[in-house]
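Just so it is clear, the model here is predicted, and its values are computed rather than measured. Numbering starts at 1 and runs along the sequence shown. Values below: all heavy atoms of this structure, side chains included; hydrogens, waters and symmetry mates excluded.
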Amino acid sequence: MFDTILGKPGNCQQFTPVERAVLYAVKKLLEEPFASLYQEQINLVNLVQRHADGKECNFYMMRFFRTTPIPAELALPQLAVEYILGEVTLQHRETKKKVRARVYVVNGRVFCVTFNKAPGFLNGNFQVQETKLVNRLDAEEVVAPLPADTVLPADYLQLLKEGQLEIYGWNFLEEKELCEIVREEDNLYLIATHEEYGMLCVRCGDASGIPIYLDSEDSDGVAIDYSLITFLKKSPEEREK
């Protein structure tokens with residue numbers, strides 16, 4: 001079924017059954033002309049690059065051994081450089097275990113699917129439990145929802161309320177701009193970056209509201225269990241004292 005709807009002969013062989021199910025579930029919620037544009041983009045995919053941890057796959061159109069941009073006339077609305085188009089929950093038919101998948105659009109093209117956990121446990125025995133559009137393609141603003149069990153830091157929300165998006169060299173993202181970082185050990189939501197020092201995140205599923213600091217060499221991250229403003233004022237050397 002998915003081969004017929006989503007791809008030209010040969011192209012859909014690039015996708016796993018899980019990937020096809022996710023892409024098709026989102027397509028069913030799209031209205032025209034977006035559904036046709038979405039389908040045409042998927043038809044052009046002839047290379048799927050999967051991350052080793054199984055939690056992300058990226059889609060490319062290759063020609064003469066090089067990636068090729070999609071034709072401009074097939075681009076989806078650029079609500080933002082990157083945004084979540086749809087979210088799909090898949091469930092194993094017997095164990096009832098679930099996995100959440102998200103379809104991302106980058107620069108107007110369907111670029112990747114991310115999973116909150118590697119979907120290998122589904123082993124072909126699954127069903128689509130729920131599908132929703134995160135961003136309508138005719139909308140004026142982008143929505144970047146957090147899972148219900150993820151709480152943003154109170155200090156961060158206060159900075160947004162005061163309009164302080166740049167402070168002490170840190171650049172904060174607005175709530176609608178928050179993007180998910182998929183890692184092998186956990187998933188994070190990026191809330192701020194610093195050109196020299198690294199980035200601030202919150203862990204997906206963490207209801208504590210405690211931000212995590214990651215520098216370029218610290219993959220685990222350090223919990224900031226004190227005032228975020230105090231943290232922002234300090235250099236890495238000062239924090240180590």
Side-chain angles (χ1 to χ4, degrees), residues 1-93 97-135 137 179-184 187:
M1 176 174 65
F2 301 128
D3 283 349
T4 302
I5 294 175
L6 275 177
K8 297 177 181 176
N11 284 356
C12 259
Q13 295 177 12
Q14 305 291 337
F15 301 108
T16 67
V18 168
E19 292 161 2
R20 289 199 299 269
V22 170
L23 292 169
Y24 175 63
V26 172
K27 176 182 180 291
K28 288 198 301 182
L29 297 184
L30 298 177
E31 299 178 352
E32 293 296 347
F34 306 125
S36 294
L37 296 175
Y38 178 96
Q39 176 176 327
E40 285 301 312
Q41 288 196 25
I42 298 303
N43 289 349
L44 292 174
V45 172
N46 54 15
L47 174 67
V48 178
Q49 182 184 54
R50 299 178 180 89
H51 290 207
D53 60 12
K55 294 169 62 178
E56 181 173 343
C57 52
N58 301 329
F59 309 135
Y60 299 95
M61 182 176 70
M62 301 289 292
R63 189 174 183 183
F64 301 120
F65 306 103
R66 301 181 65 178
T67 57
T68 304
I70 62 167
E73 62 271 18
L74 297 183
L76 294 172
Q78 295 198 35
L79 305 179
V81 173
E82 175 180 328
Y83 60 90
I84 304 167
L85 178 58
E87 185 173 290
V88 182
T89 301
L90 305 171
Q91 182 180 56
H92 193 282
R93 295 182 186 276
K97 291 184 177 180
K98 300 177 183 179
V99 60
R100 187 204 71 215
R102 285 177 166 177
V103 177
Y104 281 80
V105 173
V106 179
N107 290 324
R109 72 183 182 98
V110 182
F111 179 68
C112 70
V113 173
T114 66
F115 301 90
N116 66 327
K117 64 181 75 172
F121 70 90
L122 295 174
N123 199 29
N125 186 19
F126 65 89
Q127 61 187 359
V128 175
Q129 185 186 56
E130 182 183 9
T131 308
K132 64 180 180 181
L133 280 184
V134 176
N135 281 287
L137 293 176
C179 59
E180 189 173 11
I181 300 174
V182 178
R183 309 195 305 171
E184 183 174 358
N187 290 9

- Query: Do the non-hydrogen side-chain atoms of Asn43 and Glu40 ever get within less than 4.5 Å of each other?
  - Reply: yes
- Message: Given 3.5 Å as the limit, does a donor-acceptor pair link the side chain of Asn125 with the main chain of Arg93, or not?
- Response: no
- Report yes if the side chains of Val45 and Val110 come closer than 4.5 Å at any heavy-atom pair, otherwise no. no
- Determine the sole option in His51, Arg102, Gln49 for which the side-chain contact (heavy atoms from CB on, under 4.5 Å) test with Glu56 is passed. His51
- Task: Check whether any side-chain heavy atom of Phe126 sits under 4.5 Å from a side-chain heavy atom of Val99, and report yes or no.
- Result: no
- Message: Asn187: which residues meet the side chain to side chain donor-acceptor pair (under 3.5 Å) condition with it, sequence neighbours left out?
- Response: Lys55, Glu180
- Item | Gap separating the CD atom of Gln127 from the CG atom of Leu122, nearest 0.5 angstrom | 10.5 Å
- Item | Heavy-atom pair with the smallest gap, counting every atom of Gln14 and Arg50 | O-NH2, 2.7 Å
- Here the pair of heavy atoms bringing Pro119 nearest to Gly54 is CD-O, 3.1 Å
- Note on the structure: Applying side chain to side chain contact (heavy atoms under 4.5 Å, CB included) to Thr68 and not counting sequence neighbours gives Met61, Arg63
- With Gln91 as reference, evaluate Lys97, Lys98, Glu130 under the side-chain contact (heavy atoms from CB on, under 4.5 Å) test and give the passing residue. Lys98
- Message: Quick check: do Thr131 and Glu87 have side-chain heavy atoms less than 4.5 Å from each other?
- Response: no
- Item | Glu82 CD to Asn107 CG distance, which is reported to the nearest 0.5 Å | 9.0 Å
- Taking every heavy atom of Ile70 against every heavy atom of Ala75, the minimum-distance pair comes out as CD1-CA, 3.9 Å
- Note on the structure: In short, ring pair (Phe, Tyr, Trp, His ring centres under 6.0 Å) pairs touching residues 54-84 with sequence neighbours left out are Phe15-Phe59, Tyr60-Phe111
- Got Leu85 and Leu137 here, is their nearest side-chain heavy-atom distance under 4.5 Å? yes
- Message: If I take atom CG from residue Asn135 and atom CG from residue Leu79, how far apart are they, to the nearest 0.5 angstrom?
- Response: 6.0 Å
- Spatial distance of atom CG (Leu133) from atom CD1 (Ile84) [nearest 0.5 Å]: 12.0 Å
- Roughly how far, to the nearest 0.5 Å, is SG of Cys57 from CG of Leu47? 11.0 Å
- Item | Considering all heavy atoms, the nearest Val26-Gly86 contact | CG2-CA, 4.1 Å
- Task: Output yes when a side-chain donor or acceptor of Tyr38 lies under 3.5 Å from a complementary backbone atom of Leu76, and no otherwise.
- Result: no
- Message: With rounding to the nearest 0.5 angstrom, report the OG1 to CG distance, Thr89 to Asn116.
- Response: 8.5 Å
